[in-house]
Amino acid sequence: MKKILESSDKNEIDCGSCVSKGCTSCSTSNSNSENHDPTLFTRRNFGHTVLAASAGLFLAGCGRSKTTPVIGTEGKVDSVAAAAVSPIVTLPKGPILTVLSEFYKMGPGPSSSHTMGPMRITYDFYQRLTKLPADQLTRATALKVHLFGSLSATGKGHGTDRASLAGLLGKSPAECPPQFLDDLATNPDKSYPLTIGPKTLNLTLKDIIFDETKGNFHHPNTMTCELLAGTEKIYELEYYSVGGGFIEWKGYTIPEKGQPKYPYEHANELKKYLIDDKIPLGKLLLENELAISGKSEKEVREFLDQVAEVMIRGVDTGLKVESVLPGPIKLQSKAAEMFRNLKNTNKGAAGKAITQVASYGFAMGEENARGHIIVTAPTAGSAGIIPAVLKSLRDLNISREKIHEGFLAAAAIGYLCKHNATLSGAEGGCQAEVGVGSSMGAAMIAQALGEGPKVVSNAAESALEHHLGMTCDPVAGYVQVPCIERCAYGAVKAWTAYCIASEENPEERRVDLDTTISAMALTAKEMNSKYKETSEGGLAVSVVLC
Ligand code: SF4
């Protein structure tokens, strides 16, 4: 594996310091969060950053790029631009240290860096304000947020302003109701009261200011949050939405992590512990999570309950709402109608089951497109798959503990793919997003239904294998076509993979998970950059929008 990665595209890129964390819109978890370096930034942000070229190039240390990114087309995934930087640049540097809270991130879609990150930032600022002394708060007259660089250039189309205002108003990214975000979008002049301690301020979208797009910013996605008394800044903090929903701020230091009880980089190492130590997979993954995160088992389980709740809420909302999705495609939602028609279907058991799972995938994919709250699993663009799998497991009355085990197994697959290949459409095409999501889903089903580790691993392998080579070519740069339907397919294929893996003799499967992850990395490396979330190839140039 390392060999493949290390040989990666010397012709295309001169440096290894860019860490691509994937789509800003559909994207991804930080592809290197355990080695999170504030001086690294995303490939797609690199595209944006040509606006802030000097700063961006300095930060990335990149020698050159292959294309000249095109920036600032409002509402686009950011896309058009970023074919430039490297394919796979993240080299494994030791055991996997990713934890659940880094992987399953909650916040508004459709962009992890332009909506999820900003909302997490302003919510963080809101929480800091609640801890200020009363005398400072009493003097306050206004709250302002300034968006810089790419956030300013493309933020309007992404809904950065409403996401930022929602967080500033104390709406938690995990719990903000979709109606509230819709209300912000449809009533741009409405004033919302915010009470902090002794002070009440009235905030509007105008308090989120689209500021300079070019400048010597510390990061391409820079924001400042200010509490003002007249023109005096009582309290301010500069923040960075660094990709994948991750946030940092001036003076940020990387949180310390513990060491895993069972260190592993590859699936085969994981398997060895299961055999040698005779420990169940769910227990091993939980013990690693506790050791690395330092959290208690209760905290971890509560977090997983919250993830499940957000996912189920998203699916249930998506199954009820019918609307034309935002953006130029004018895509009509399908989930609600598919689900409604299930009652009178004559498709037989197979047709009914497939339609049901697909409608769940559509529901959450459409919620992402609406800018409502989603969970990255592994990315925003692929965020419909695991909720669809979860909902279908809930239909089977699977216990809370088994669902938790399923989430842990799914995360382990995501970690392996992240560590040894990529989770980013901008690096590896859609195989890295929907392919990994489907693979995670297959593992989740197998684990939650009580299969042994071999079946879990085989199911994950099978789902990933049958997404190899899948390109990323979102039409008009929006995370809608093909992304939403792919979530439906990803969920159905997760079930297919599980059904195959649970019926075959597990010892007779000829391809193992590590091999397929390695194949994905190789395919990603060799994939033409047109098919890596640039909207320069495939469907994106074939579909004509009227
Ligand atoms: S095509 Fe796949 S990888 Fe590309 S934006 Fe859509 S979901 Fe993400």
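As the structure is a computational prediction, the values presented were derived from the model and not from experiment. Both counts, for ligands and for their atoms, begin at 1 and track the order of listing.
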Asker: Going by side-chain hydrogen bond (donor to acceptor under 3.5 Å, both in side chains), K334 matches just one of E366, E322, E485. Which one?
Answerer: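 Of all the options given, the one that passes is E485.
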Asker: Compare every heavy atom of A497 with every heavy atom of A442, then report the nearest pair and how far apart it is.
Answerer: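 Shortest heavy-atom separation between A442 and A497 comes out as CB-CB, 3.9 Å.
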Asker: Can a donor-acceptor pair be found, under 3.5 Å and without considering hydrogens, that links the side chain of T496 to the backbone of V492?
Answerer: yes
Asker: Would you say C430 reaches atom 2 (Fe) of ligand 1 with an N/O/S atom under 2.8 Å?
Answerer: yes
Asker: Donor-acceptor pair, distance only, cut-off 3.5 Å: does the side chain of Q480 make one with the backbone of K330?
Answerer: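 Flag not set: sc Q480 to bb K330 has no pair under 3.5 Å.
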Asker: Judged by atom type as modelled, is there a donor-acceptor pair below 3.5 Å linking the side chain of H419 to the main-chain atoms of Y415?
Answerer: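 No, H419 side chain to Y415 backbone: no donor-acceptor pair under 3.5 Å.
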Asker: With atoms numbered from 1 as shown, which atoms in ligand 1 lie under 4.0 angstrom from a non-hydrogen atom of E433?
Answerer: 3 (S), 7 (S), 8 (Fe)
Asker: Which option out of C483, G428, P474, G437 puts a heavy atom nearest to atom 7 (S) of ligand 1?
Answerer: C483
Asker: I'd like to check which ligand 1 atoms, numbered from 1 as shown, lie under 4.0 Å from a non-hydrogen atom of G381.
Answerer: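 Per the distance check, 7 (S).
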Asker: Going by the order shown, which atoms of ligand 1 are within less than 4.0 Å of some heavy atom of R486?
Answerer: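 Near R486, the atoms of ligand 1 are 1 (S).
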Asker: Suppose I only count heavy atoms of C472 and a 4.0 Å limit; which atoms of ligand 1 are within that range?
Answerer: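 Numbered from 1, ligand 1 contributes 1 (S), 3 (S), 4 (Fe), 5 (S).
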